[in-house]
There are 2 protein chains.
Amino acid sequence: MIETDTGVRNIDVVPSHGECKKAIEILARIGDKWTVMVVGVLARNDTLRYSELHRSIEGISQRMLTLTLKGLERDGLVERTIYPTIPPRVEYKLTDLGLSLIEPLRALHAWAVTHHSSILTAREAFDMQRVVPGT
Amino acid sequence: MIETDTGVRNIDVVPSHGECKKAIEILARIGDKWTVMVVGVLARNDTLRYSELHRSIEGISQRMLTLTLKGLERDGLVERTIYPTIPPRVEYKLTDLGLSLIEPLRALHAWAVTHHSSILTAREAFDMQRVVPGT
DNA sequence: CAGTATCCCATTCGATACTG
DNA sequence: CAGTATCGAATGGGATACTG
């Protein structure tokens, strides 16, 4: 009754302010520099060793790979299996929980791909306004 | 032919390593501390003034609100309208591009709400393993 | 091989004060 | 009202070296 028209904005399906905090929490969790990359690689490979992950993710340092994996393991998104051989062998794979994250992540990725150029265009236009404002 | 069974992991719908970078870019864009909150509030209110946003988002500083809004405006997700009255009046609203982000964000939010407790449980269990390891 | 430990720089963010 | 300017603390993250 309050809504005016289009239905573009379904006010009742937009989470409340309070509920929103859980989204924030998750974004904070996966929104860092490497987490999505690690999840993505594991999503395509089922099981990978530490060194394979390191090779698969261009530019990541050992430190950040370790920290990222540990964070994902801590939250139950990744399972870590140690084979105490010499040399050691450690395998990583997504848990069911981790696998379930792929879908919403795909949705976001699809959005990113679809609107990527729009964003870049808007960005350039915006930056243009700001340069040589006096000239 | 290579896939084994379940279909849980649809390998062909998981973006390639290269494509994945666009997801990273977007995550970096919206994954900061306040952006999702601002988008969420605007998603529920159509148009808001600066001071209304400030009041609606608990804990945000003027500085961060300004920076967040400017970033969103720059990327074409938010439209900023100035009414040069005295005192000045500035209104913010989501653009069509910004509105289109709501849906994938909702998917992520739904995932967060659904699995929030699983994550916390996993986290506690993980932390338990690490405490008093010698005792 | 699979990490840890350390150093250090860059960025982020909050607090505070000021302005058109 | 709607910001901007400045400072300082905290955090993120890379490089390098070392270890079981």
Side-chain angles (χ1 to χ4, degrees), chain A residues 21 24-39 41-42 45 47-75 78-93 126 129-130 133-134, chain B residues 21 24-39 41-42 45 47-75 78-93 126 129-130 133-134:
Chain A
K21 300 210 167 166
I24 309 281
E25 226 181 296
I26 296 305
L27 261 298
R29 180 64 200 74
I30 67 173
D32 66 279
K33 193 169 178 182
W34 298 109
T35 294
V36 171
M37 199 83 214
V38 170
V39 171
V41 169
L42 285 173
N45 290 278
T47 297
L48 285 177
R49 300 179 62 170
Y50 182 87
S51 54
E52 291 173 320
L53 280 163
H54 200 194
R55 274 193 302 277
S56 299
I57 303 171
E58 190 181 11
I60 196 170
S61 62
Q62 279 193 320
R63 171 188 152 82
M64 287 318 295
L65 178 55
T66 302
L67 283 178
T68 303
L69 286 169
K70 196 134 299 187
L72 287 169
E73 185 196 359
R74 183 166 108 104
D75 285 358
V78 158
E79 187 188 333
R80 178 172 178 267
T81 311
I82 316 168
Y83 300 93
T85 57
I86 296 175
R89 173 187 188 87
V90 180
E91 290 186 347
Y92 293 90
K93 66 177 301 188
F126 184 88
Q129 297 303 102
R130 307 246 123 193
Chain B
K21 299 209 170 168
I24 309 281
E25 226 181 297
I26 296 305
L27 260 298
R29 180 64 200 75
I30 67 171
D32 67 277
K33 193 169 178 184
W34 297 109
T35 294
V36 171
M37 199 83 213
V38 171
V39 171
V41 169
L42 285 173
N45 291 278
T47 297
L48 286 176
R49 300 179 60 170
Y50 182 87
S51 53
E52 292 173 321
L53 280 163
H54 199 194
R55 274 193 301 277
S56 299
I57 302 171
E58 190 181 12
I60 196 170
S61 63
Q62 280 193 321
R63 173 189 151 80
M64 288 318 294
L65 178 55
T66 301
L67 283 177
T68 303
L69 285 169
K70 196 133 297 185
L72 287 168
E73 185 196 359
R74 183 166 108 104
D75 284 358
V78 158
E79 186 189 333
R80 178 172 178 267
T81 311
I82 316 170
Y83 300 92
T85 57
I86 295 176
R89 173 188 188 88
V90 180
E91 290 186 347
Y92 293 90
K93 66 178 300 188
F126 184 88
Q129 297 302 102
R130 307 244 123 194

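Quick caveat, the model's predicted, so the values are computed rather than measured. All chains are named by letter (A, B, ...) in the order of the sequence lines, taking the proteins before the strands, and each is independently numbered beginning at 1.
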Is any side-chain heavy atom of [X] less than 4.5 Å from a side-chain heavy atom of [Y]?
X: A:L48; Y: A:L42; answer: yes
X: A:V41; Y: A:L53; answer: yes
X: B:Y83; Y: B:E91; answer: yes

In this structure, how many angstroms lie between the [atom2] atom of [N] and the [atom1] atom of [X], rounded?
X: B:L67; N: C:dT12; atom1: CG; atom2: P; result: 9 Å
X: B:D32; N: C:dG14; atom1: CG; atom2: P; result: 10 Å
X: B:L65; N: D:dA2; atom1: CG; atom2: P; result: 10 Å
X: A:H54; N: D:dA15; atom1: NE2; atom2: C1'; result: 12 Å
X: B:E52; N: D:dA2; atom1: CD; atom2: C1'; result: 13 Å
X: B:M64; N: C:dT16; atom1: CE; atom2: P; result: 17 Å
X: B:I60; N: C:dT12; atom1: CD1; atom2: P; result: 15 Å

Whether [X] contacts [N] is assessed here as follows: a side-chain N or O lying under 4.0 Å from the phosphate OP1 or OP2. Is that the case?
X: A:S51; N: C:dA2; answer: yes
X: B:K33; N: D:dT11; answer: no
X: A:R49; N: C:dC1; answer: no

task: Let me know, please, whether A:G59 or A:P88 comes out on the 5' side of the other along DNA chain D by nearest nucleotide.
output: A:G59
Find the distance between [atom1] ([X]) and [atom2] ([Y]) and round it off to the nearest 0.5 Å.
X: A:K70; Y: A:D75; atom1: NZ; atom2: CG; result: 13.5 Å
X: A:R29; Y: A:R74; atom1: CZ; atom2: CZ; result: 8.0 Å
X: B:L27; Y: A:K33; atom1: CG; atom2: NZ; result: 14.0 Å

Under 3.5 Å, which N/O atoms of the protein pair with N/O atoms of nucleotides 3-7 of chain C?
from, atom 1, to, atom 2, distance (Å)
C:dG3, OP1, A:R80, NE, 3.3
C:dG3, OP1, A:R80, NH2, 2.5
C:dG3, OP2, A:Y92, OH, 2.6
C:dG3, N7, A:Q62, OE1, 3.1
C:dG3, N7, A:Q62, NE2, 2.9
C:dG3, O6, A:Q62, OE1, 3.0
C:dT4, OP1, A:K70, NZ, 2.9
C:dT4, O4, A:Q62, OE1, 3.4

task: Please test A:W34 against A:I57 for side-chain contact (heavy atoms from CB on, under 4.5 Å), starting from the C-alpha separation and ending with a verdict.
output: CA-CA 9 Å; A:W34 298 109; A:I57 303 171; 3.8 Å; yes
query: Passes side-chain contact (heavy atoms from CB on, under 4.5 Å), B:Y92 versus B:R49? Steps please.
result: CA-CA 6 Å; B:Y92 293 90; B:R49 300 179 60 170; over 6 Å; no
query: Where do B:Q62 and B:H54 land on the side-chain contact (heavy atoms from CB on, under 4.5 Å) test, with the steps shown first?
result: CA-CA 7 Å; B:Q62 280 193 321; B:H54 199 194; 3.5 Å; yes
task: Compare the minimum distances between each of C:dC13, C:dC1, D:dA2 and the side chain of B:R89, then state the nucleotide with the smallest one.
output: D:dA2
task: Can you run through DNA chain C from 5' to 3' and write each base as (, ), [, ], | or . depending on how it pairs? Watson-Crick or G-U wobble, both distances under 3.5 Å.
output: ||||||||||||||||||||
